[in-house]
Number of protein chains: 2
Amino acid sequence: MLSIVGWVTDSVKPRAARAADKRRRLTAAAAQVLHEQGVERTTLADIARVADVPVGNVYYYFKTKDELVQAALSEHTAHLDELTGRLDQLSDPLERLKGLIEAWVGRRDIAARYGCPTGTLAVELDKRADGTLDAEAGAVIRRLLDWAGHQFRALDLPDPDDLAVTLVSAYQGMSLLANALRDPDIMTRQGTRLIHWLDSLKAPDRTP
Amino acid sequence: MLSIVGWVTDSVKPRAARAADKRRRLTAAAAQVLHEQGVERTTLADIARVADVPVGNVYYYFKTKDELVQAALSEHTAHLDELTGRLDQLSDPLERLKGLIEAWVGRRDIAARYGCPTGTLAVELDKRADGTLDAEAGAVIRRLLDWAGHQFRALDLPDPDDLAVTLVSAYQGMSLLANALRDPDIMTRQGTRLIHWLDSLKAPDRTP
DNA sequence: GTCTATACAGGGATAGAC
DNA sequence: GTCTATCCCTGTATAGAC
């Protein structure tokens, strides 16, 4: 470190700051590796390596592997909140929803390679007899459903909650297909269709 | 066994017949248990127990666990072919597609508890670095896409393959959400929306 | 063909030195 | 607070008796 600031950061507040930093690195690594490899095939050693933390030390920060899964879920929730927070700056709810779809399409390569982080995690956690964490993954999805439902309600559309389910289902479905077929273009084409669908909802019923 | 037929079946053709039977039982058990528990959390002992076959004996029929996964995928393909074969009896392609949706909704409780058998399997297999089987799951999905695309083409609709992707995506998405939120009603409500969507495709463009 | 016993590997978790 | 060494269980796969 050449800068004084860097030096100060590294050695003057070592204890709490560095500890918090390791925790943060482990959380970020967990979110990434669990997404890429899945829960069952990911070892603590994998996460420790990516976080650049010695294996045995992991247990100082997280008592069990499940706590790392939970940390990954919090990370995904935080990312979601950050995205919806930015979209909330837009005044038109329809534009907010379109912005959400654009964000999904923007991550098409990740989706085609590893699927939706929350969706694939939900699938894996739901397979466990020990149902300690599967509700947690559902909660992240519900958070997205609530936000989307809020936008549809603001647009005065009928059955806003059902519309939110349709939108999020479409996203999960196209992510799954893009992943299974390893084809990011699916995200692009289906994203376009979703935008048209949103526009068609505003068109009033033409029957007398 | 009281009937002569039963007795004959049990003891006169023991070798090949009984062997084929065990193989069939193991395949069916694999399809069921792998769906319910997922690949990684399922042990060979689990499958052997459900199939009522001694653990060590499994290796006589399937040399590796992966071969059992492959057998499960074949089972799902067979079920799919049986369903589409029945739907092909209907003369109207639109009715065939509606029949498909009705079949999905009919299995809503299974979907809410364990998700779509093929979809969740695809998610799990895609997480494996060793990409030996993930293409296989994609092939089953593609088989469904092809059949659906064929129907849309028969209806003379534009971009039939994209429409097929939209339909199958919707199914995978609603299954995932129904599963994550443990709510079979999602299947019912989204199924209704899908039927309306199909009907709306037939309505000609009203703009001049 | 059928089944038991077991070899072997991998990974989660812990003990305890520093 | 940090890290190494290791315990111990679980699960795949095999050897070999019957």
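Sequence lines set the chain letters: A, B, ... in the order given, protein chains first and strands last, and positions in each chain run from 1.
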TODO: Starting at the 5' end of nucleotides 13-18 of chain C, put B wherever the base has a protein heavy atom under 4.0 Å, S where only the sugar-phosphate does, and a dash everywhere else.
DONE: BB----

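Taking the salt bridge (Lys or Arg N to Asp or Glu O under 4.0 Å) definition, one finds that B:Arg182 meets it with A:Asp126, A:Asp134, sequence neighbours left out.
Between the P atom of C:dG1 and the CZ atom of B:Arg23 lies a distance of 12 Å, rounded to the nearest Å. Rounded to whole angstrom, the span from the NZ atom of B:Lys22 across to the C1' atom of C:dT2 amounts to 6 Å. Between B:Ile47 atom CD1 and D:dG11 atom P there is a gap of 13 Å when expressed in whole angstrom units. Computed from coordinates, the A:Asp130 CG to C:dG12 P distance equals 15 Å when rounded to whole Å. Remark: C1' of D:dT14 and CG of B:Asn57 are 14 Å apart, rounded to the nearest angstrom. One atom, CZ of A:Phe62, and another, P of D:dG1, lie 14 Å apart when rounded to the nearest Å. Across the protein-nucleic acid pair, B:Glu67 atom CD and D:dT12 atom P stand 14 Å apart, rounded to whole Å. In this structure, the CD atom of A:Glu40 is 13 Å from the C1' atom of D:dG11, given to the nearest Å.
A:Trp104 and A:Tyr171 have parallel rings, their planes meeting at less than 30° on a 0 to 90° scale where 60° marks the start of perpendicular.
Residue B:Tyr61 has no polar side-chain atom (N or O) positioned under 4.0 Å from OP1 or OP2 of C:dG1.
In this structure, of D:dT12, C:dG1, C:dG12, it is D:dT12 that holds the atom nearest to the side chain of B:Thr43.
Listed by first and then second residue, the side-chain hydrogen bond (donor to acceptor under 3.5 Å, both in side chains) pairs involving residues 112-125 of chain B are A:Lys127-B:Thr120 (not counting sequence neighbours). The list of side-chain hydrogen bond (donor to acceptor under 3.5 Å, both in side chains) pairs with a residue in residues 157-169 of chain A, not counting sequence neighbours, reads A:Arg153-A:Asp161, A:Asp162-B:Arg189, A:Thr166-B:Gln190. Residue pairs meeting the side-chain hydrogen bond (donor to acceptor under 3.5 Å, both in side chains) criterion with at least one member in residues 76-85 of chain A, sequence neighbours excluded: A:Asp81-A:Arg143. Screening residues 66-76 of chain B for salt bridge (Lys or Arg N to Asp or Glu O under 4.0 Å) gives B:Asp66-B:Arg128 as the qualifying pairs, with residues at least two apart or on separate chains.
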